[in-house]
Amino acid sequence: MTTEWKHGNIISRMSLEEKAALLNGASEWTTREIRRLGIEALVFSDGPNGVRRQRGKGDHLGLNASVPATCFPALSALACSWDEALLYRVGQALGEEARTLGVDVLLGPGLNIRRNPAGGRNFEYFSEDPFLSGKEAAAFIRGIQSTGISACPKHFAVNSQELHRMTVDSVLDERALRELYLTGFEIALKEGGAHAIMTSYNKVNGSYANENTHLLLEILRKEWKYDGFVVTDWGGCNDPAKGAACRSDLSMPGAGYVPVHEIVQAVLDSRLPMEALEQCVEDTLELQRKTAPGRKNRAAGYDPEKHHILARKTAAQSVVLLKNQGKPSRLLPLSENTRAALIGAFGSSPRYQGAGSSAINPSRLESLSQVIGNYLPRYTGYAAGYTPGRKRDPAKERKALSLAEKSELILYCMGLDECSELEGRDRKNLAIPEEQILLLQKLYEVNPNIVVLLSAGAAVDLWWENYCSGIVYGQLGGQAGASAVLEILLGKICPSGRLSETWPLRYEDTPSYGYFPGPERTAEYRESIFVGYRYYHSAQIRVRYPFGYGLSYTSFSYSDLKTDDRGMSFEIRNTGDRDGAEVAQLYVGIKKKQGLSSRQGAERLS
């Protein structure tokens with residue numbers, strides 16, 4: 001910290017009211033400025049998978065329009081690349097756009113554990129595994145901050161459900177708290193060097209996260225030695241003075257001067273030490289210093305076309321090939337001469353992002369129906385077949401079936417609609433809408449050569465997978481996801497995405513089934529550390545597709561595994577007939593009476 005920003009210089013010239021004012025926002029997205037002291041307003045923006053920069057009337061729920069920006073794949077998709085270098089590049093692109101659009105702090109990435117596959121906001125989070133989440137988040141953060149913009153991982157902590165998210169009390173044991181729900185944040189802060197972190201709405205073991213002494217002072221500040229900036233989630237301040245006492249530096253959005261008066265009165269009543277208030281002010285001034293390079297370099301700009309190309313590359317590396325069968329040989333990759341039909345409403349109206357505060361106004365948007373002719377010149381046509389969220393339409397079904405009969409192969413677009421995955425509401429189950437499955441069954445009767453192009457931000461129930469020969473999980477692939485999926489289908493890119501969460505055979509098999517989401521005042525984390533693969537492995541429960549799963553068009557061999565006190569090494573070879581990338585996964589565990597404790601490393605090899 002340079003001398004001009006140290007406590008005792010600028011802060012000594014501030015009045016009590018000015019100090020208190022800096023702890024509260026001025027508007028939806030900006031902090032307060034103090035012109036006489038040269039303290040500028042900071043601009044925040046949502047941004048896990050793009051920059052949601054609003055001008056004019058702002059909101060934090062994704063309701064009002066934002067300026068166009070590149071919409072990258074959702075974090076749930078990016079996680080399936082298992083590629084830290086790629087995450088860095090996406091973060092760098094986001095930083096460049098944020099800098100150009102006048103943003104100082106980008107609110108992301110999301111780091112909450114995907115405790116249950118029905119979590120409404122799972123598409124904003126990396127994984128069920130904290131190690132994978134933390135490593136990818138750290139790379140993402142380093143990329144953002146390389147541009148002079150500050151990253152702000154969220155939501156700290158144990159924020160795994162949307163039901164009653166403003167008030168619910170997450171009740172869990174200390175081991176689960178530290179091993180699962182905090183580890184990703186710790187890695188992101190220590191290895192990513194995040195300048196800021198956002199607290200969550202919920203309580204953690206009885207105390208609101210933003211006023212939680214154990215979380216913010218004992219763990220974050222003392223144990224992890226984090227010296228950065230802490231901001232509330234929007235509307236997440238319950239008691240400004242208690243937050244400041246826990247070194248929560250800023251409550252957002254702006255709420256007038258009532259919170260300012262509360263902090264002033266708390267100081268006058270000796271409920272908030274002046275030293276604690278001034279520490280929060282110093283944190284704010286330090287964040288101003290860290291973001292100054294970005295403000296000075298707004299004119300650097302960025303290339304929208306290059307970012308669109310990066311979005312396509314990212315989407316392609318995130319695609320997971322779940323199934324590839326056929327008679328007499330596998331259906332994929334396709335020949336360019338394949339007479340394929342494109343069926344399904346998502347073929348023309350893509351599911352490319354989740355709903356809520358992460359919703360981006362894309363700079364451009366591809367659909368499969370627009371670009372398929374560039375890849376499959378002999379394709380036979382497009383039919384919607386169904387309307388998302390509505391009852392079956394016999395006329396649309398007949399058109400789709402007629403098209404299927406005269407085609408060699410069907411590319412069937414199905415998945416979750418926008419109302420199924422959104423901020424503020426959890427899913428009730430893992431089911432795909434019934435009208436889509438009924439059409440799939442009818443299509444299978446007239447043409448069994450079906451490849452499902454699946455759009456969703458988290459696991460779904462695949463009981464129907466016997467009605468298709470292939471499943472390409474395109475996820476929520478961002479604005480260039482359509483071209484990315486077609487490049488995978490044609491074999492122009494060899495699929496290398498791997499699942500970042502376990503897909504169960506049935507929702508009832510999930511460890512938190514029966515008490516997720518917590519419907520009352522508390523959400524009880526009875527499964528403790530046994531989330532995702534930790535549970536399925538220890539309880540020996542069969543799953544549909546395991547954590548880390550994904551097929552390829554080529555094959556790899558592993559040999560010469562060696563272990564010593566320094567780690568492990570092995571040799572990997574591409575033994576197939578085409579180029580491809582492999583995610584080399586290594587799982588190491590120590591068996592204990594209470595189960596298996598596992599950590600894993602992954603490296604992408606080309």
How about [X]: does its [atom1] atom have over 12 heavy atoms from other parts shown lying under 6.0 Å from it?
{"X": "Lys296", "atom1": "NZ", "value": "no"}
{"X": "Arg521", "atom1": "CZ", "value": "no"}
{"X": "Glu418", "atom1": "CD", "value": "no"}
{"X": "Arg35", "atom1": "CZ", "value": "no"}

For a side chain to side chain donor-acceptor pair (under 3.5 Å) check, start with the C-alpha distance between His164 and Glu520, then their side-chain angles and the critical distance, and finish with the verdict. CA-CA 8 Å; His164 305 320; Glu520 306 297 339; over 6 Å; no

Please evaluate residues Thr522 and Asp169 with respect to the criterion side chain to side chain donor-acceptor pair (under 3.5 Å), reporting the C-alpha separation (whole Å), side-chain torsions for both, the decisive distance (0.1 Å), and the verdict. CA-CA 5 Å; Thr522 60; Asp169 185 2; over 6 Å; no

[X]/[Y] ion pair, N-O < 4.0 Å:
{"X": "Asp129", "Y": "Lys135", "answer": "no"}
{"X": "Arg298", "Y": "Asp104", "answer": "yes"}
{"X": "Glu423", "Y": "Arg165", "answer": "yes"}
{"X": "Asp173", "Y": "Arg175", "answer": "no"}
{"X": "Asp46", "Y": "Arg53", "answer": "no"}
{"X": "Glu40", "Y": "Arg295", "answer": "yes"}
{"X": "Glu421", "Y": "Arg351", "answer": "yes"}

Heavy atoms only: give me the nearest [X]-[Y] pair and the separation to one decimal.
{"X": "Leu75", "Y": "Pro48", "result": "CD2-O, 3.6 Å"}
{"X": "Leu177", "Y": "Val158", "result": "CD1-CG2, 3.6 Å"}
{"X": "Pro511", "Y": "Val531", "result": "CG-CA, 4.4 Å"}
{"X": "Tyr515", "Y": "Glu527", "result": "CE1-OE1, 3.3 Å"}

Does Arg121 form a side chain to side chain donor-acceptor pair (under 3.5 Å) with Ser357? I'd like the steps, not just the answer. CA-CA 10 Å; Arg121 213 168 173 180; Ser357 61; 2.9 Å; yes

Stepwise side chain to side chain contact (heavy atoms under 4.5 Å, CB included) check, Leu107 with Trp29: CA-CA 11 Å; Leu107 303 177; Trp29 298 113; 4.0 Å; yes

Does the structure place the NZ or CZ of Arg114 under 6.0 Å from the centre of the six-membered ring of Phe126, at an angle of no more than 45° from the ring's axis? no

For Ser200 and Phe156, run side chain to side chain contact (heavy atoms under 4.5 Å, CB included): C-alpha distance rounded to whole Å, both residues' side-chain angles, the deciding distance at 0.1 Å, then the answer. CA-CA 5 Å; Ser200 55; Phe156 190 69; 5.7 Å; no

How long is the span from the [atom1] atom in [X] to the [atom2] atom in [Y], to the nearest 0.5 Å?
{"X": "Asn116", "Y": "Glu501", "atom1": "CG", "atom2": "CD", "result": "9.5 Å"}
{"X": "Tyr208", "Y": "Asn238", "atom1": "OH", "atom2": "CG", "result": "4.5 Å"}
{"X": "Ile360", "Y": "Cys71", "atom1": "CD1", "atom2": "SG", "result": "6.0 Å"}
{"X": "His214", "Y": "Glu174", "atom1": "NE2", "atom2": "CD", "result": "3.5 Å"}
{"X": "Tyr302", "Y": "Gln92", "atom1": "OH", "atom2": "CD", "result": "14.5 Å"}
{"X": "Leu16", "Y": "Ile263", "atom1": "CG", "atom2": "CD1", "result": "9.5 Å"}

Let me know which of Glu275, Glu278, Glu282 forms a salt bridge (Lys or Arg N to Asp or Glu O under 4.0 Å) with Lys19. Glu278

Would you confirm whether [X], through its side chain, and [Y], through its main-chain N or O, come within 3.5 Å as a donor-acceptor pair?
{"X": "Asn212", "Y": "Val204", "value": "yes"}
{"X": "Arg32", "Y": "Glu18", "value": "no"}
{"X": "Ser318", "Y": "Ala77", "value": "yes"}
{"X": "Gln161", "Y": "Gly518", "value": "yes"}
{"X": "Asn49", "Y": "Pro73", "value": "no"}
{"X": "Asn205", "Y": "Leu172", "value": "yes"}
{"X": "Asn202", "Y": "Ser160", "value": "no"}
{"X": "Ser363", "Y": "Pro68", "value": "no"}
{"X": "Glu97", "Y": "Thr70", "value": "yes"}
{"X": "Glu128", "Y": "Tyr533", "value": "yes"}

Residues Lys222, Leu217; criterion side chain to side chain contact (heavy atoms under 4.5 Å, CB included); working and verdict: CA-CA 6 Å; Lys222 184 177 180 180; Leu217 294 181; over 6 Å; no

Does the side chain of [Y] come within less than 4.5 Å of [X]'s, by heavy atoms?
{"X": "Leu189", "Y": "Pro153", "value": "yes"}
{"X": "Pro240", "Y": "Ser251", "value": "no"}
{"X": "Leu22", "Y": "Thr31", "value": "no"}
{"X": "Tyr352", "Y": "Leu476", "value": "no"}

Measure the acute angle between the ring planes of Tyr181 and Tyr525, then classify it against the limits of 30° and 60° as parallel, tilted or perpendicular.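 The rings of Tyr181 and Tyr525 stand perpendicular, inter-plane angle above 60°.
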
For the residue pair Tyr125 and His155, categorise the inter-ring angle as parallel (less than 30°), tilted (30 to 60°) or perpendicular (more than 60°).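 Ring orientation of Tyr125 relative to His155: perpendicular.
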
Would Val231 and Asp249 count as a side chain to side chain contact (heavy atoms under 4.5 Å, CB included) here? Give the steps. CA-CA 6 Å; Val231 61; Asp249 303 306; over 6 Å; no

What residues, two or more places apart in sequence or in another chain, satisfy ring pair (Phe, Tyr, Trp, His ring centres under 6.0 Å) together with [X]?
{"X": "Tyr88", "answer": "none"}
{"X": "Tyr226", "answer": "none"}
{"X": "Phe44", "answer": "Trp234"}

Does the ring centre of Trp82 sit less than 6.0 Å away from the ring centre of Phe547? yes

Passes salt bridge (Lys or Arg N to Asp or Glu O under 4.0 Å), Lys154 versus Asp233? Steps please. CA-CA 8 Å; Lys154 60 184 184 180; Asp233 200 344; over 6 Å; no

I'd like to know whether His195 forms a ring-ring contact (aromatic ring centres under 6.0 Å, His included) with Phe229, so could you lay out the CA-CA distance, the side-chain angles of the two residues, the decisive distance to 0.1 Å, and finally the verdict. CA-CA 6 Å; His195 296 163; Phe229 184 81; over 10 Å; no

Does the side chain of Thr232 pick up a donor-acceptor pair with the side chain of Asn210 at under 3.5 Å? no

